Amino acid sequence: MLHDDDHDNAYRTRRRQAHELDYINTYYQLPERLGVRGTIGGRVRWTDREGTIVDTAGTYLRVLLDGDTEPVTRHATSNMAYPSPTSWVDATRLPDPYATQLSPAGPGLPERPGA
């Protein structure tokens, strides 16, 4: 039988997970870019191993890989794939908004006149 503290802890855990998953799905634009969502209980494939999302850890997923007894912490887009109705969808990293195109003069420098 669960005590009030157990109910409170379970409620806080579900709220934390929902908030962190919402952040992960929104920040990495998983539904918009890839047509998938990370969910507790959802299946994923990390490298060549399938597993189940069992928790979150901030901006990371806790995944119980098939055959393992302890979950591992993995990044939502690093070597991760999510199932779609027809196949696995490889998660891709977001473009780096701070990346600058390199000029012949060097990183972050204006192009040389006449170059």
Side-chain angles (χ1 to χ4, degrees):
M1 176 175 209
L2 292 177
H3 296 93
D4 286 340
D5 287 343
D6 293 335
H7 285 291
D8 289 344
N9 288 337
Y11 175 74
R12 280 195 294 275
T13 297
R14 284 192 305 276
R15 282 193 58 195
R16 173 187 56 78
Q17 291 171 335
H19 174 75
E20 291 173 352
L21 282 168
D22 184 54
Y23 178 84
I24 290 167
N25 285 309
T26 301
Y27 183 81
Y28 295 106
Q29 302 168 6
L30 297 178
E32 297 84 0
R33 292 186 317 120
L34 307 173
V36 299
R37 291 188 69 79
T39 60
I40 298 297
R43 299 289 291 169
V44 292
R45 187 174 66 200
W46 178 73
T47 59
D48 289 331
R49 295 189 62 197
E50 291 186 27
T52 303
I53 299 171
V54 295
D55 199 357
T56 55
T59 59
Y60 290 83
L61 300 173
R62 298 278 294 152
V63 178
L64 182 60
L65 297 168
D66 293 352
D68 288 357
T69 58
E70 294 292 324
V72 293
T73 303
R74 296 292 177 251
H75 190 275
T77 63
S78 182
N79 299 312
M80 192 69 73
Y82 297 83
S84 75
T86 57
S87 64
W88 287 96
V89 177
D90 289 329
T92 55
R93 292 188 178 265
L94 289 173
D96 184 352
Y98 299 104
T100 58
Q101 191 171 22
L102 298 179
S103 74
L109 300 175
E111 293 203 27
R112 293 176 291 198

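Given the structure is predicted, the values throughout are model-derived calculations rather than measurements. Side chains included, hydrogens not; waters and symmetry mates left out as well; all remaining heavy atoms used.
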(request) Answer yes or no: is there a donor N or O on one side and an acceptor on the other, between the side chain of Arg37 and the main chain of Leu21, under 3.5 Å? (result) no
(message) Which residues pass the ring pair (Phe, Tyr, Trp, His ring centres under 6.0 Å) test with His75, not counting sequence neighbours?
(response) Tyr28, Tyr60
(request) Compare every heavy atom of Leu65 with every heavy atom of Trp46, then report the nearest pair and how far apart it is. (result) CE3-CD1, 4.1 Å
(request) May I ask whether Val63 and Trp88 are part of the same hydrophobic cluster, defined by side-chain heavy atoms of I, L, V, M, F, W, Y residues being less than 4.5 angstrom apart, directly or through others? (result) no
(request) Mind running side-chain contact (heavy atoms from CB on, under 4.5 Å) on Leu94 and Arg33 for me, showing each step along the way? (result) CA-CA 9 Å; Leu94 289 173; Arg33 292 186 317 120; 3.4 Å; yes
(request) Show your reasoning for whether side-chain contact (heavy atoms from CB on, under 4.5 Å) applies to Thr39 and Asn25. (result) CA-CA 9 Å; Thr39 60; Asn25 285 309; 5.6 Å; no
(message) If the condition is ring pair (Phe, Tyr, Trp, His ring centres under 6.0 Å), which residues does Tyr82 pass it with, not counting sequence neighbours?
(response) none
(request) Looking only at non-hydrogen atoms, find the nearest pair between Gly38 and Ile53 and report the distance. (result) CA-CD1, 4.1 Å
(request) Mind checking the CD-CZ spacing from Glu70 to Arg62? Nearest 0.5 Å is all I need. (result) 8.0 Å
(message) Looking at every heavy atom in both Val54 and Pro71, which two are closest together, and how far apart are they?
(response) CG2-CB, 3.8 Å
(message) Could you report the tightest heavy-atom contact between Ala91 and Ala76, atom names first, then the distance?
(response) CB-O, 3.7 Å
(request) List the atom of Asp55, the atom of Gln17, and the distance in Å for their closest heavy-atom pair. (result) OD1-NE2, 2.9 Å
(message) Could you see if Leu61 belongs to whatever hydrophobic cluster contains Ile40? Use Ile, Leu, Val, Met, Phe, Trp, Tyr and a side-chain cutoff under 4.5 Å.
(response) yes
(message) On a heavy-atom basis, which atom in Asp90 and which in Ala81 lie closest, and how many Å separate them?
(response) OD1-CB, 3.6 Å
(request) Give, for atom CG of Asn79 and atom CG of Asp48, the distance between the pair rounded to the nearest 0.5 Å. (result) 9.5 Å
(message) Going by salt bridge (Lys or Arg N to Asp or Glu O under 4.0 Å), name the residues that satisfy it together with Arg43, two or more places apart in sequence or in a different chain.
(response) Glu50, Asp66
(request) Nearest 0.5 Å please: distance from the CD1 atom of Ile24 over to the NE2 atom of His19. (result) 10.0 Å
(request) Check whether any side-chain N or O of Arg49 sits under 3.5 Å from a backbone N or O of Gly67 as a donor-acceptor pair, and report yes or no. (result) no
